[in-house]
Each structure stands twice: as C-alpha cells, then as structure tokens.
Amino acid sequence: VQLQASGGGLVQPGRSLRLSCAASRISFRFNAMAWYRQAPGKQREWVANIFVGGTTNYADSVKGRFTIAKDNAKNTLYLQMNDLKPEDTAVYYCNRPDSPFPWGQGTQVTVSS
C-alpha cells in the first residue's frame, strides 16, 4: 500500500489549504482513515479521524478549524484546513489509525507571515 499526501505549501496565518491523500491497494470506503502531523523536533501527532460511516473526530488543537472528509468514489481523503496558525506548521501524513501502513513522505505545510 502506498499513501501519497499532497496539497501542502507556504501560507500566511489565517489562510486555508486543502490536503489530499491518495492510496493504492486500499479502499477508503472500507477503512477508517486519519491525518497526522509532525512538527520539527516533535513527535508525530494525530490530527483527525474519519470512520467508515463518516463519523469524524479531531484533536482539540484543530477542532473548529480543520475538516476531514473522503470521497469514496475517488478513493481520496481530504483535510480542509482553515484559519491556519504558525503552530500548524508540520509535515502532514495520512494513514489508517488501526494497523497503520508504512508511512508515506507526507506533505509540508508552513504557516508564516
């Protein structure tokens, strides 16, 4: 299984980005998926989950600003990030929360003025 996150970039505080995650040989329709992030010098942390039925949950640090979603037909996972803050700067990864696959390269998000 290969997980490929994309959509990162350099943005100013308060702006938005949408990340995407595509995968081969796994169906998002039948798997819970999650976004994670790793800031420089810190451990990887969980950001958000979406379960098979569509139920979502979020880390307190992003609740109300980030939205996780998936398109089963396109087999793509998304993370809409609004009102970005400098502390959101990190490499963002997608993976399955239970029995994670090998981690992909992630996508860099840098929030800076």
Inset, instruction - Kindly say whether Gln105 contributes a backbone atom to a donor-acceptor pair with the side chain of Trp103 at under 3.5 angstrom? - result: no
Inset, instruction - Grab the two heavy atoms, one from Pro97 and one from Tyr36, that are nearest each other, plus how far apart they are. - result: CA-OH, 3.3 Å
Legend entry - Non-hydrogen side-chain atoms of Arg18 and Tyr78 separated by less than 4.5 Å: yes
Inset, instruction - Compute whether any side-chain donor of one residue and acceptor of the other, for Gln4 and Ser6, lie under 3.5 angstrom apart. - result: no
Legend entry - Heavy-atom side-chain proximity of Val47 to Tyr58 below 4.5 angstrom: no
Inset, instruction - State whether Lys85 and Asp88 are salt-bridged, where the test is any N-O pair (Lys NZ or Arg NE/NH1/NH2 against Asp/Glu carboxylate O) under 4.0 Å. - result: no
Legend entry - Geometric cation-pi criterion Arg37 and Tyr93, 6.0 Å radius, 45° cone: no
Legend entry - Gln2 atom CD, neighbour heavy-atom count above 12 within 6.0 Å: no
Inset, instruction - Would you please test Ile26 and Asn31 for side-chain contact (heavy atoms from CB on, under 4.5 Å) and show each step? - result: CA-CA 8 Å; Ile26 178 178; Asn31 286 273; 3.5 Å; yes
Inset, instruction - Report yes or no: does Thr107 contribute a side-chain atom to a donor-acceptor pair with the main-chain N or O of Gly8 at less than 3.5 Å? - result: yes
Inset, instruction - Would you check if Thr76 and Lys70 make a side-chain contact, meaning some heavy-atom pair closer than 4.5 Å? - result: no
Inset, instruction - Determine whether Leu84 and Phe66 make a side-chain contact, defined as any pair of heavy atoms from C-beta on separated by less than 4.5 Å. - result: yes
Legend entry - Flag side-chain contact, heavy atom, 4.5 Å: Pro86 against Ser112: no
Inset, instruction - Flag the pair Tyr92 / Cys21 as yes when at least one side-chain heavy-atom distance between them is below 4.5 Å, and no otherwise. - result: no
Inset, instruction - Please check if atom CD in Gln80 has more than 12 non-hydrogen atoms from other residues, nucleotides or ligands closer than 6.0 Å. - result: yes
Legend entry - Under 3.5 Å donor-acceptor, Asp71 side chain and Ala73 backbone: yes
Inset, instruction - Examine Val62 and Val109 and state if one hydrophobic cluster contains both, with Ile, Leu, Val, Met, Phe, Trp and Tyr joined whenever side-chain heavy atoms are less than 4.5 Å apart. - result: yes
Legend entry - Hydrophobic cluster identity match, Val91 and Leu19, side-chain contacts under 4.5 Å: no
Inset, instruction - Could you grab the distance from atom CD1 of Ile50 to atom SG of Cys94, nearest 0.5 Å is fine? - result: 13.0 Å
Inset, instruction - May I ask you to decide if Asn75's main-chain N or O and Asn72's side chain share a donor-acceptor pair within less than 3.5 Å? - result: no
Legend entry - Non-hydrogen side-chain atoms of Leu79 and Thr67 separated by less than 4.5 Å: no
Inset, instruction - Please tell me if the side chains of Trp35 and Asn49 come closer than 4.5 Å, counting only heavy atoms from C-beta onward. - result: no
Inset, instruction - To the nearest 0.5 angstrom, please state how far the CG atom of Leu77 sits from the CZ atom of Arg96. - result: 13.5 Å
Inset, instruction - For Asn82 and Ser16, test the side chains for any donor-to-acceptor distance below 3.5 angstrom and give the result as yes or no. - result: yes
